Amino acid sequence: VGMNAQDLGKILHREPAEIVKKLFMLGIMTNQNQSLDKDTIELLAAEYNIEAQEKVHEDISDIDKVYEKLAKQAKEAKHQVKRPPVVTIMGHVDHGKTTLLDRLRHTNVSEHEAGGITQKIGAYQVRVDDRLITFLDTPGHAAFSNMRARGAEITDIVVLVVAADDGVMPQTIEAIDHAKSAKVPIIVAINKMDVPGANPQHVTEQLMKYNLIPEDYGGDTIYVNISAKTGENVDELLQMILLQADVLELKANPKQKAIGTVVEARLSRGRGPVADILVEEGTLHVGDPIVVGNTFGRVRVMTNDHGKQVKKATPSMPIEITGLNDVPESADKLVVFDDEKTARSVGEARASQALQKARENVQHVTLDNLFDTMKKENMKEVDIVLKADVQGSVEALQQSLEKIEVEGVRVNIIHSGAGAINESDVTLAGASNAFIIGFNVRPTATAKSQAETEGVDIRLYSIIYKAIDDVTAAMKGMLEPTY
Ligand code: GDP
């Protein structure tokens, strides 16, 4: 053939010296000018081809990067269009979240469709005039923060339901803190206006303490008084959601490969793995080769929230798909690939990586690793969830903790309250990379085991200055280890 290491270097875009070295490793002694035989060239080609393949593999099996690339591409696209807002309903138990979701689901159905409405696909859309709103069907902040903890930030707007006859309750505050921590705007829906004794003014005053200031008082939080039961003012609430959506200028690019997030997934006896997907960018088509979390396949059948088969799905549209080789998890990302072969190899690589990762525990920020984490992640704030036995202690501790400052890094209490450390506290801490301080309180049994599985650090104290000292010392990297 007459090719030497220099010629090959040009073809392979490598330095000739590297080729010579590579050949040496393969047991072939040569120099840059010596011509090489066919077998040697083939060996070398195979070697580089494998490397090239491995490199490609490494790149694309990091699905988060592909997802981010497509998300970025969408943000920079010229033909972005308005997309429907995605809404999560939160609030204290029994304040009317489910009733509101049910009412909204039904406002949307015309008579002849009534049969299809039983479809539960994790989310549904409501039509208001000529616009759409997407509602996530799982209310509450636990689902919201679980998704967030796994990297899925799909909610654009939170509707906070507060019963007019009950007012602000512990889970109302939790919901506010979860939404704020995620930087998602809140619309307040004061519910149960039909109940005698409904006192929306009192609720508003309570909520203002949490910085939800209505426009009448110079703030920018939208308040709507509704009755989920009678339907009073629910239309107004929908209009306000659209108004808030306009302020947020929610846009997407439907003209590209789709990305999305799994809202729910399950194994169906007749249809195999089924995943409820919220499309975020691009348009998803039947037949698209996809990777979803650690699974792969092709979109076989796509069904909308009315149980009707559709051929494509645009941004903010919830759909149910079949065609995956396995059941993904909620919050998993969906990415469309060029061809099925690539989707398969990426999916398989991810499945084996996942096994590997499952063995290594995820490391959250703890009091012990705080100093190192602060340096490594260039933290500006140390996030803490604070629980104490009585409100007085909460306030005393919060004030002292918030005064701590070490080399420009401050303490930020993302949630505080009186009472035992519960699952919601652990979920919030996990999602926000925070740790938990308990003063004269303990975690509930479920919160304790959840914290253990998720690697969330809980520290219990009964002396205020000890808590302050520990946090200060940890931020300085001078905490004495406890055994
Ligand atoms: P969730 O726990 O927040 O999902 O609350 P639910 O939607 O299950 O509602 C709790 C109770 O309050 C149920 O008995 C509902 O019928 C009732 N409820 C919900 N909304 C209203 C309302 O606007 N007015 C009245 N009178 N009752 C309501």
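Both counts, for ligands and for their atoms, begin at 1 and track the order of listing. Keep in mind that this is a model prediction, so the values were computed, not measured. Heads up: numbering here begins at 1 and tracks the sequence. In what follows, every heavy atom counts, from backbone to side chain, and hydrogens, waters and symmetry copies are set aside.
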Please check this pair: side chain of [X] against backbone of [Y], looking for a donor-acceptor N/O pair closer than 3.5 Å.
{"X": "Asp288", "Y": "His285", "value": "yes"}
{"X": "Thr295", "Y": "Val291", "value": "no"}
{"X": "Arg298", "Y": "Gly323", "value": "no"}
{"X": "Tyr124", "Y": "Leu101", "value": "yes"}

Considering non-hydrogen atoms of the protein only, which is the closest contact for [atom], and what is the distance?
{"atom": "atom 20 (N) of ligand 1", "answer": "Asn191 ND2, 3.2 Å"}
{"atom": "atom 26 (N) of ligand 1", "answer": "Asp194 OD2, 2.9 Å"}
{"atom": "atom 12 (O) of ligand 1", "answer": "Lys192 NZ, 3.0 Å"}
{"atom": "atom 27 (N) of ligand 1", "answer": "Lys229 CD, 3.6 Å"}

Is there any N or O on Gly96 that sits under 3.5 Å from an N or O of ligand 1?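 N/O-N/O distance below 3.5 Å exists for this pair.
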Using a 3.5 Å cut-off on N or O atoms only, is Ala228 in polar contact with ligand 1? yes
Rounded distance [0.5 Å steps], CG in Asp156 versus OG1 in Thr88: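 Separation between the atoms: 9.0 Å.
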With backbone taken as N, CA, C and O and side chain as the heavy atoms from C-beta onward, which portion of [X] lies under 4.0 Å from ligand 1: side chain, backbone, both, or neither?
{"X": "Asp94", "answer": "both"}
{"X": "Thr98", "answer": "both"}
{"X": "Thr99", "answer": "both"}
{"X": "His92", "answer": "backbone"}
{"X": "His95", "answer": "backbone"}

Taking the side chain as everything from C-beta on, heavy atoms only, tell me whether His95 gets closer than 4.5 Å to Met169. yes
Close side-chain approach of Ile404 and Met475, heavy atoms under 4.5 Å: yes
Closer than 4.0 Å to some heavy atom of Val93 - which atoms of ligand 1 meet that?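 It comes down to these atoms of ligand 1: 2 (O).
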I need the atoms of ligand 1 closer than 4.0 Å to a non-hydrogen atom of Ser227, numbered in the order shown.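 Once the distances to Ser227 are compared, the set is 22 (C), 23 (O), 24 (N).
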Pi-cation contact, Tyr67 with Lys333 (under 6.0 Å, within 45°): yes
Ignoring hydrogens, what is the shortest heavy-atom contact between Gly293 and Arg350? Give both atom names and the distance. O-NE, 2.6 Å
Is atom 9 (O) of ligand 1 less than 4.0 angstrom from some protein heavy atom? yes
